[in-house]
Amino acid sequence: MQPVDWLIVIGYLLFTMGYGLYLSRHALGRQADGLTNYLVGDRTLSWWLAGTSMAATTFSVDTPLYIAGIVGSRGISGNWEWWSFGVAHVLMVYLFARLWRRSEIMTDAELSYLRYSGKTASILRGTKAFLFAVPMTSIGLGYAMLAMIKVAMVLQLWEAFGPNLAAGDPKLWTTVVVGVLVLLYAGFSTLWNVVATDFLQFFLALFGSLVVAIASVDTVGGMRPLIAQLTPTVLSFTPAASEGSHLGILAGIPASTFFAYILLQWWSFRRSDGGGEFIQRLAATKTEAEAEKAAWLFNLLHYVVRTWPWIIAALAALALYPNLSDRELGYPLLMVDTLPPIILGIVVASLLAAFLSTASTLVNWAASYLVNDIYSQYVSPEATPGELVFMGRVASVLVVVLSGFAALTSADVATLFRLAIAVGTGPGLVFILRWFWWRVNAAAELAAILSGFFFGVLTSIAPGFIIPDFGLRLIAITLSTSLMWVTVMFLTPPESNETLDRFYAKVRPGGPGWEPQRGRTGLRPLQNLGLDVQRVVAAILLLFGSLFAVGGFLLMRSLTGWLALIVAVGGGFWLKSLNKQPLFPIARPGTEDG
């Protein structure tokens with residue numbers, strides 16, 4: 001990088017830090033508003049702001065590096081590792097967004113007190129908050145910090161500031177600097193402040209990814225020469241047995257892994273009903289309708305808009321650096337080798353923006369668990385609003401320190417990403433069923449969370465128990481966890497009628513699983529589950545059809561593009577017709593209640 005590039009990055013950093021400190025002072029001035037402002041922005045977020053923030057949360061500096069790694073080793077079809085979550089994210093739009101907003105909670109762990117009662121519910125809330133806030137968030141923020149470290153290495157950050165700094169441990173130095181930056185930026189703002197900056201940083205990061213994709217394709221000589229250098233296996237959207245391979249290997253992916261992605265991962269993972277930081281955004285929107293629109297906007301931005309700049313850049317890196325041992329370094333190498341001065345500085349600033357948007361969200365989310373679900377419940381129930389906000393900042397420091405340790409002790413983003421999936425696999429089905437079946441109790445959810453985490457750690461890092469095949473690992477975790485929670489559920493009593501009636505009266509979910517509660521309360525559901533399931537299927541066709549239509553046309557695969565577009569249009573028209581239907585059938589004339 002040239003001096004002008006560093007000036008741009010430093011200027012952006014100063015602007016970001018100044019803006020963050022300004023928002024911090026603004027937040028401190030509103031401490032009287034307490035935890036509701038700090039964690040869910042007083043529930044005043046517009047759908048477009050919440051949806052963009054959700055997309056920014058999943059768009060970090062680790063994402064292009066991670067995609068460069070999986071495309072380089074497994075081809076485009078390797079992206080099913082995260083594309084598969086699209087099914088769960090569509091479920092979030094039509095099955096869960098309105099339910100979460102209607103519940104009026106601040107964290108998903110808080111749902112434990114609404115859905116369950118008694119000592120087990122209290123243990124569940126604290127356990128879930130701790131596991132999600134400390135180990136799981138530390139892993140998630142850790143791989144984002146690791147990616148930032150890798151970018152700094154390629155940019156020769158410390159060499160640019162003198163040989164004395166470069167002589168030390170650059171990974172350690174970078175981790176410390178990144179950690180301090182995250183704390184100053186993310187640890188001292190409310191959710192509303194984080195979301196407001198997310199909106200700006202998302203579009204800066206998107207601009208940067210587009211610039212890298214265009215420049216890298218231009219360096220190769222255009223899209224057609226790029227495609228000519230790659231094999232059909234690499235370019236395939238779905239795995240297919242390559243020549244000379246056996247049926248167990250599909251385009252570099254074991255068949256068990258691919259089928260685990262598309263048939264299991266989306267409902268078994270802990271974010272099957274939305275996911276923690278997403279729930280925080282949905283709960284902060286103005287209305288239930290805005291929560292649903294925010295979830296849809298996230299899906300479009302996350303899967304349709306920004307997928308292909310990353311993949312195209314990853315394909316260019318595969319063509320330009322065929323012998324690169326660490327495929328994740330392909331993306332930052334493209335930046336350094338293909339971008340002119342000034343543009344390089346802007347793109348590096350965009351990656352920094354992507355990183356900060358994710359880091360701020362994860363830190364705020366973890367703080368919400370530790371303060372709202374642990375400190376205010378078990379340590380200091382009488383704490384003042386100012387004390388709670390202060391403890392939120394202390395919690396932020398703890399999370400950043402642990403995340404830095406995770407980054408220092410890891411070698412690649414993909415390994416940490418898969419560890420995050422493994423330790424979160426298992427309880428997803430319970431998280432879905434608790435909304436639609438009264439029999440699910442606190443003991444079952446607690447068993448699912450603990451056993452899923454235990455089996456995830458055991459099969460990922462415990463010597464002698466590691467399952468190398470990732471698909472088989474996910475299957476083993478899911479089966480073991482399911483056996484545990486189903487057994488516990490039927491060996492323990494259901495929640496009290498009072499608790500179940502209270503939950504149903506507040507959330508009013510649809511489906512046959514709440515018939516006893518409907519009879520006792522006399523309240524009709526506010527959800528038509530059958531209609532919503534149809535909307536989910538139509539929306540999946542629209543979302544994935546749009547995803548592959550864009551990719552098909554970009555990669556000169558016209559037939560794939562047109563077929564996918566037909567699927568998307570068909571899904572869109574079906575969804576439009578479903579949206580016109582009333583929530584429940586209209587009574588015959590003369591039989592209305594009035």
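Just so you know, these numbers use all the heavy atoms, side chains as well, and skip hydrogens, waters and symmetry mates.
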J.: Of the non-hydrogen atoms in T285 and A50, which two are nearest, and what is the gap between them?
T.: CG2-CB, 3.7 Å
J.: Hey, are the side chains of W83 and I76 touching, using non-hydrogen atoms and a 4.5 Å cut-off?
T.: yes
J.: Given W514, which of W437, W435, F503 fulfils the side chain to side chain contact (heavy atoms under 4.5 Å, CB included) condition?
T.: F503
J.: What are the two closest non-hydrogen atoms of S117 and E495, and how far apart are they?
T.: N-OE1, 3.1 Å
J.: Got a donor-acceptor contact below 3.5 angstrom from the S84 side chain to the W266 backbone?
T.: no
J.: I'd like to know if R418 pairs up with E81 as an ion pair, taking the criterion as any Lys NZ or Arg NE/NH1/NH2 lying under 4.0 Å from an Asp or Glu carboxylate oxygen.
T.: yes
J.: Looking only at heavy atoms, what is the nearest atom pair of T481 and G452, with distance?
T.: OG1-CA, 3.3 Å
J.: Would you say the side-chain atoms of T478 pair up with the backbone N or O of L474, donor to acceptor, closer than 3.5 Å?
T.: yes
J.: Using the side chain to side chain contact (heavy atoms under 4.5 Å, CB included) definition, which of the options D501, L433, L500 pairs with W438?
T.: L500
J.: Can you tell me how far apart CZ (F85) and OG (S272) are? Round to the nearest 0.5 Å.
T.: 10.5 Å
J.: Charged N to carboxylate O under 4.0 angstrom, E292 versus R98?
T.: yes
J.: Compare all side-chain heavy atoms of F298 with those of T58 and state whether any distance is below 4.5 angstrom.
T.: yes
J.: Between K128 and E445, does any NZ, NE, NH1 or NH2 come within less than 4.0 Å of an OD or OE carboxylate oxygen?
T.: yes
J.: Show the nearest heavy-atom pair for residues V533 and L95, with the distance to one decimal.
T.: N-CD1, 4.3 Å
J.: Can you list the steps and then say if Y94 with Q534 is a side-chain contact (heavy atoms from CB on, under 4.5 Å)?
T.: CA-CA 10 Å; Y94 291 114; Q534 293 181 66; over 6 Å; no
J.: Taking all non-hydrogen atoms of both residues, which atom of P309 and which atom of L210 are closest, and how far apart?
T.: CG-CD2, 3.6 Å
J.: Decide ring-ring contact (aromatic ring centres under 6.0 Å, His included) for W296 and H89; before the verdict, give the C-alpha distance in whole Å, the side-chain angles of both, and the deciding distance to 0.1 Å.
T.: CA-CA 9 Å; W296 240 128; H89 289 149; over 10 Å; no
J.: Under the criterion side chain to side chain contact (heavy atoms under 4.5 Å, CB included), which of T425, L419, V423 is the partner of I421?
T.: T425
J.: Would you mind reporting whether I432 and F96 have side-chain heavy atoms less than 4.5 Å apart?
T.: yes
J.: Counting distance only, does the side-chain N/O of R306 pair as donor-acceptor with the main-chain N or O of L300 below 3.5 Å?
T.: no
J.: Looking at L111, L99, L526, which one forms a side chain to side chain contact (heavy atoms under 4.5 Å, CB included) with V507?
T.: L99
J.: Does the side chain of M92 reach to within under 4.5 Å of the side chain of W100, using non-hydrogen atoms?
T.: no
J.: Could you state the interatomic distance from OG1 (T127) to CD1 (I374), rounded to the nearest 0.5 Å?
T.: 8.5 Å
J.: Is any side-chain N of the basic residue among K506 and E104 closer than 4.0 Å to the acidic one's carboxylate O?
T.: yes
J.: How many angstroms lie between atom CD1 of I70 and atom CZ of F417, to the nearest 0.5 angstrom?
T.: 8.0 Å
J.: Do you know which two heavy atoms are closest between A295 and N299, and how far apart they sit?
T.: O-ND2, 2.9 Å
J.: Go through it in stages, so that I can follow the logic: the residues are F130 and Y369, the test is ring-ring contact (aromatic ring centres under 6.0 Å, His included), and I'd like the CA-CA distance, side-chain angles, deciding distance and then a yes or no.
T.: CA-CA 7 Å; F130 175 79; Y369 278 130; over 10 Å; no
J.: How far does CZ of R535 sit from NZ of K576, to the nearest 0.5 angstrom?
T.: 15.0 Å
J.: Look only at the side chain of S209 and the backbone of L206, and say whether a donor-acceptor pair between them is shorter than 3.5 Å.
T.: yes
J.: So do the side chains of V87 and W267 get within less than 4.5 Å of each other, counting heavy atoms only?
T.: no
J.: Got R518 and P525 here, is their nearest side-chain heavy-atom distance under 4.5 Å?
T.: yes
J.: Indicate yes or no for a side-chain donor-acceptor contact from T499 to the backbone of Y116 under 3.5 Å, with no hydrogens or angles considered.
T.: no
J.: Is a side-chain N or O of S577 found less than 3.5 angstrom from the main chain of W574, in a donor-acceptor match?
T.: yes
J.: Any sub-3.5 Å donor-acceptor pair from R502's side-chain atoms to L114's backbone N or O?
T.: yes
J.: Is the backbone N or O of V371 less than 3.5 Å from a side-chain atom of S376, with the two atoms forming a donor-acceptor pair by type?
T.: yes
J.: Can you check side-chain contact (heavy atoms from CB on, under 4.5 Å) on R520 and Y504, steps first, answer last?
T.: CA-CA 10 Å; R520 286 196 297 268; Y504 175 76; over 6 Å; no
J.: Measure from the side-chain N and O atoms of S46 to the backbone N and O of L49, and report whether any donor-acceptor pair falls under 3.5 Å.
T.: no
J.: What I'd like to find out is whether the side chain of Y303 reaches to under 4.5 Å of the side chain of W82, using heavy atoms alone.
T.: yes
J.: Show the numbers, then the answer: is there a side-chain contact (heavy atoms from CB on, under 4.5 Å) between V399 and L362?
T.: CA-CA 9 Å; V399 171; L362 291 176; over 6 Å; no
J.: What orientation do W308 and F237 show, parallel under 30°, tilted 30 to 60°, or perpendicular over 60°?
T.: tilted
J.: Does F431 have R270 sitting over its ring (NZ/CZ under 6.0 Å from centre, angle to axis within 45°)?
T.: no
J.: Distance from N441 atom CG to L124 atom CG, nearest 0.5 Å?
T.: 10.0 Å
J.: Both conditions, 6.0 Å and 45 degrees, for the charged tip of R557 above the ring of F553: are they met here?
T.: no
J.: Within the 4.5 Å heavy-atom criterion, are P135 and F453 side-chain neighbours or not?
T.: yes
J.: Would you sort out whether T52 and F203 count as a side-chain contact (heavy atoms from CB on, under 4.5 Å), showing the intermediate values?
T.: CA-CA 9 Å; T52 306; F203 288 103; 4.0 Å; yes
J.: Within the distance-only criterion (no hydrogens, no angle test), does the side chain of Y12 pair as donor or acceptor with the backbone N or O of I346 below 3.5 angstrom?
T.: no
J.: CG of D532 to CG of L91: how many Å apart, nearest 0.5 Å?
T.: 10.5 Å
